[in-house]
Amino acid sequence: YEAHGVKEYWLVDPKKQTVEQYVLINGQYYARFKGRDGEIESEVLPGFLLEAEAIFDQKATNQALLKLLA
């Protein structure tokens, strides 16, 4: 990813229900978010903010979708 300048990527572990977000800064990746609770804000998609639990919980997913579409 670094070699091709991918600015951000997320790793989702469905078994542990965790998310890791990495951002590219000055040619090197840094962890911006690791965990299962809290908000993840995209560096690449301005305004895209998501509660990590919404990736794993259907009710939270529905609430996040309604918020994004509002």
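The first residue in the sequence is number 1, and the count goes up from there. The structure displayed is predicted, hence computed values, not measured ones.
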Gln63 side, atom CD; Thr61 side, atom OG1 - distance, nearest 0.5 Å: 9.0 Å
Side-chain donor or acceptor of Gln21 paired with backbone N/O of Glu41 under 3.5 Å: yes
Interatomic distance, Asp13 atom CG to Thr18 atom OG1 [nearest 0.5 angstrom]: 4.5 Å
Non-hydrogen atoms of Ala64 and Ala54 that approach each other most closely: CB-CB, 3.8 Å
Remaining members of hydrophobic cluster (4.5 Å side-chain criterion), Val6: Tyr1, Tyr9, Leu11, Tyr22, Leu24, Tyr29
Of all pairs that satisfy ring-ring contact (aromatic ring centres under 6.0 Å, His included), the ones with a partner from residues 32-62, not counting sequence neighbours: none
Backbone N/O of Val23 and side chain of Glu43: donor-acceptor pair under 3.5 Å: no
Single-linkage hydrophobic cluster, 4.5 Å side-chain cutoff, Val19 and Leu45 together: yes
Heavy-atom pair of closest approach, residues Arg36 and Gln17: CB-O, 3.0 Å
Salt bridge (Lys or Arg N to Asp or Glu O under 4.0 Å) partners of Glu51, counting only residues at least two apart: none
Taking every non-hydrogen atom, the tightest pair across Glu8 and Val44: OE1-N, 3.0 Å
Minimum heavy-atom distance Glu2-Gly27, with the two atoms named: OE1-O, 3.5 Å
